Number of protein chains: 2
Amino acid sequence: MTTSTGADTIALPFDERIGRLAEVAVRIGLGLKHSQELVITAPLEAAPLARAITTEAYKAGASLVTTFYSDDAATLARFAHAPDDAFDTAAGWLYGGMAEAFRNGAARLAIAGDDPSLLAGQDSQKVARANRSRSKAYVPALELIANFATNWTIVSAATRPWARTVFPDCPEDEALARLWDAIFAASRVDGDDPVGQWKAHNDALHARTKILNQHRFAAVRFQGPDTDLTVGLADDHEWCGGASVSRSGILCNANIPTEEVFTTPHKLRVDGYVASTKPLSYQGTLIDGIRVRFEEGRIVEATARTGSDVLARVLDTDEGSRRLGEVALVPASSAISASGLLFYNTLYDENAASHIALGQAYSKCFLNGGEGFSEDDLAARGANRSLIHIDWMIGSADIDVDGLTAEGRAVPVMRAGEWIG
Amino acid sequence: MTTSTGADTIALPFDERIGRLAEVAVRIGLGLKHSQELVITAPLEAAPLARAITTEAYKAGASLVTTFYSDDAATLARFAHAPDDAFDTAAGWLYGGMAEAFRNGAARLAIAGDDPSLLAGQDSQKVARANRSRSKAYVPALELIANFATNWTIVSAATRPWARTVFPDCPEDEALARLWDAIFAASRVDGDDPVGQWKAHNDALHARTKILNQHRFAAVRFQGPDTDLTVGLADDHEWCGGASVSRSGILCNANIPTEEVFTTPHKLRVDGYVASTKPLSYQGTLIDGIRVRFEEGRIVEATARTGSDVLARVLDTDEGSRRLGEVALVPASSAISASGLLFYNTLYDENAASHIALGQAYSKCFLNGGEGFSEDDLAARGANRSLIHIDWMIGSADIDVDGLTAEGRAVPVMRAGEWIG
């Protein structure tokens with residue numbers, strides 16, 4: 001929690017680092033094309049980064065950039081004052097509009113930076129109802145994103161409530177500055193030529209996926225303290241990582257930063273038990289100390305040291321919410337992991353450790369990027385469907401990972417959290 | 001320009017005045033109902049007022065409040081950097097979504113406070129193309145608003161660029177405080193019981209419309225310096241003013257403040273010449289010293305001392321943009337007029353002087369609030385249609401207004417800008 005991110009040796013002025021992050025977001029994250037529309041979602045406090053990204057997007061030829069700001073104060077006002085029946089309402093007209101924009105070729109950029117504990121003190125029934133209504137209304141847009149129909153990316157901005165959570169013992173201004181340092185470092189914008197650095201990083205991740213794809217493993221097995229989990233992989237799965245090409249033909253990086261290689265599990269072939277290695281921050285609630293047991297792909301036992309009621313509701317969202325949609329490998333020595341920080345933010349914490357995700361599978365993690373596979377084709381190969389997609393961390397320097405061949409032979413992939421070979 | 005708004009005698013703390021304005025906006029402006037959704041549009045700088053309104057809306061039973069923030073910096077970035085072909089693009093998916101929300105019963109609240117001169121230095125061709133694209137995309141939503149399908153209101157928030165324009169000789173903080181004072185005073189929130197005051201004000205406006213409606217004038221005639229204009233009124237027109245009932249059955253005040261009584265002109269029966277008495281701030285451009293001549297409802301000559309190119313483009317928007325959609329009477333002694341300020345903001349300046357509006361007519365200014373009249377019925381009675389609805393001021397203490405009966409008899413309505421009787 002106290003390790004420097006290394007960014008304090010950098011003397012670039014703040015505005016220049018924001019500008020570089022915006023450039024990486026638009027050029028590497030989105031690969032934005034001339035005449036593309038761009039839809040941004042951002043916390044109100046991230047307006048300076050949203051503006052810098054807007055400027056970079058127009059420089060890259062965007063036709064129109066539309067930003068939706070979310071406001072924690074407005075969300076809290078709803079929980080404080082709205083009538084009980086309000087919590088089953090969601091802005092379907094807005095999410096439907098976004099889906100229409102994506103269908104017509106708009107790119108999508110999300111700035112993450114929300115207060116990880118915003119809703120921790122609220123009635124968990126209301127939180128669950130509000131989340132469920134929104135998730136349902138968001139399905140058409142989420143499917144286009146999950147199917148990679150258009151180019152999209154997520155970047156982060158430091159905000160005061162997030163910074164307070166990550167650095168609880170620092171004065172607020174210092175906490176904010178340190179979180180920005182960590183974001184700039186992890187997003188690789190502090191060195192010379194950030195865009196060039198990102199290209200090299202993408203090459204390294206592509207090399208790793210190539211090795212895994214050549215093995216054509218039937219499963220991967222995680223072993224360590226409180227963990228012995230075998231994750232069967234979907235038929236015709238493919239490992240992905242780094243930049244990839246959207247169905248609209250645009251090379252982009254869906255996450256800035258990204259350190260993971262990942263693929264689609266088989267929804268019926270996950271067995272064993274596993275313990276989380278970092279807390280999960282889920283829509284304002286912290287869920288920590290998760291332990292679950294799988295049988296034939298389905299979670300049959302689940303406990304958590306904190307947030308167990310929220311976890312229970314998440315698992316009951318729908319049929320697919322107890323099954324896996326993603327498995328990802330990240331070395332314990334990744335840049336983000338090396339920072340020693342717990343970010344309480346999936347985009348960061350998932351890039352510090354190997355992880356699995358409950359819920360919806362990404363259709364792109366199949367041969368040829370899933371091109372030509374219908375929903376039925378994907379389901380037949382084991383791809384899970386759900387309203388949710390929630391990553392949680394199961395990797396650490398104590399975890400070994402083997403690939404299992406179709407014949408059941410174990411091939412070492414990671415030892416003590418690090419890549420073999 | 002230096003007259004006090006009277007508000008400086010009030011000792012209420014700023015947050016309380018913001019809270020009262022929010023309460024008036026929700027209870028008087030919207031008449032928000034239990035379980036109604038609310039869609040707010042606001043400049044980013046108006047976030048504190050948007051938050052206060054959000055809280056009041058939830059207290060009044062709103063199910064969900066969604067705020068879209070506009071950002072002058074993002075708009076300027078587009079004009080600075082976007083490729084030329086960008087300016088024919090608009091967010092139809094967003095405006096279509098808003099129209100869907102209104103159709104499903106959502107209320108709409110706009111916070112006005114934009115920089116009146118934001119786009120003054122930009123290429124007027126690009127400004128016109130961007131405005132035209134947006135107006136076109138906004139048609140479905142605008143029709144629902146113009147037809148009063150749902151309850152809606154506009155209130156204002158002081159912003160720095162607007163305050164600089166209104167008080168160019170003041171230090172910025174003082175200008176901002178003075179503009180807030182003027183807004184609180186004009187919005188009638190400084191006295192005891194603002195909601196009660198608004199009810200009394202609505203009663204007074206209703207008494208005025210009743211007198212005008214009893215006369216059933218065929219036309220109103222404006223006479224004064226550079227002005228002799230006869231505005232024929234639509235068949236079956238009705239004068240409106242103060243609170244009115246939306247087609248969804250909700251009593252609301254579409255403008256906070258409001259001092260006007262208004263009705264629908266006949267699109268073919270406007271003749272004579274007229275000069276503007278205040279500058280018009282139109283989407284970032286100031287148009288001042290307007291002089292136009294009408295023949296059979298249509299503007300056949302138009303000049304402006306400044307902004308004449310923008311005026312010419314506005315008039316060329318479509319067939320209806322050279323004809324009138326509204327005529328409104330406001331006494332020269334109205335509270336806003338008495339402030340002596342020029343606000344460069346239609347919501348304020350139109351309530352300081354009698355005015356006319358180019359473009360789209362409001363269908364509610366007909367017998368029975370236009371209930372049961374189809375578009376064809378309205379057109380047959382003389383209601384104008386257009387993509388635009390732009391108010392500009394033609395009243396002052398130098399202007400007399402007569403009502404003309406069907407037989408051509410002149411009945412004095414206003415003398416030297418004040419009501420007769």
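Naming convention: chains lettered A, B, ... in sequence-line order (proteins, then strands); numbering from 1 in each chain. Predicted model, so just to flag it, every value in this text is computed and none were measured.
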- Task: Take the angle between the ring planes of B:Trp152 and B:Phe148 and call it parallel below 30°, perpendicular above 60°, tilted in between.
- Result: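 B:Trp152 vs B:Phe148 ring planes: perpendicular.
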
- Item | Ring geometry between B:Phe87 and B:Phe79 (parallel below 30°, tilted from 30 to 60°, perpendicular above 60°) | tilted

- Message: Closer than 4.0 angstrom, basic N to acidic O: yes or no for B:Asp173 and B:Arg160?
- Response: yes

- Looking at B:Ala86, B:Ala90, B:Gly61, B:Ser63, which makes the most heavy-atom pairs under 4.5 Å with chain A?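 Option with the greatest count: B:Ser63.
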
- chain A interface, residue from B:Leu94, B:Val65, B:Thr54, B:Leu44 that has the most non-hydrogen pairs under 4.5 Å: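 Option with the greatest count: B:Leu44.
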
- Message: Checking an interface table here. Which of residues 113-142 of chain A come within a heavy-atom distance under 4.5 Å of chain B?
- Response: none

Relative to chain A, which segment of [X] carries a heavy atom at a distance below 4.5 Å: side chain, backbone, both, or neither?
{"X": "B:Thr67", "answer": "backbone"}
{"X": "B:Ala74", "answer": "both"}
{"X": "B:Tyr69", "answer": "both"}

- Message: Need one label for A:Thr55: side chain, backbone, both or neither, based on atoms under 4.5 Å from any heavy atom in chain B.
- Response: both

- Counting only heavy atoms closer than 4.5 Å, note whether A:Arg51 contacts chain B via side chain, backbone, both or neither. side chain

- Message: So, taking the atom named CG in A:Leu144 and the one named CZ in A:Arg103, what distance separates them when rounded to the nearest 0.5 Å?
- Response: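 If I round to the nearest 0.5 Å, the distance is 5.5 Å.
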
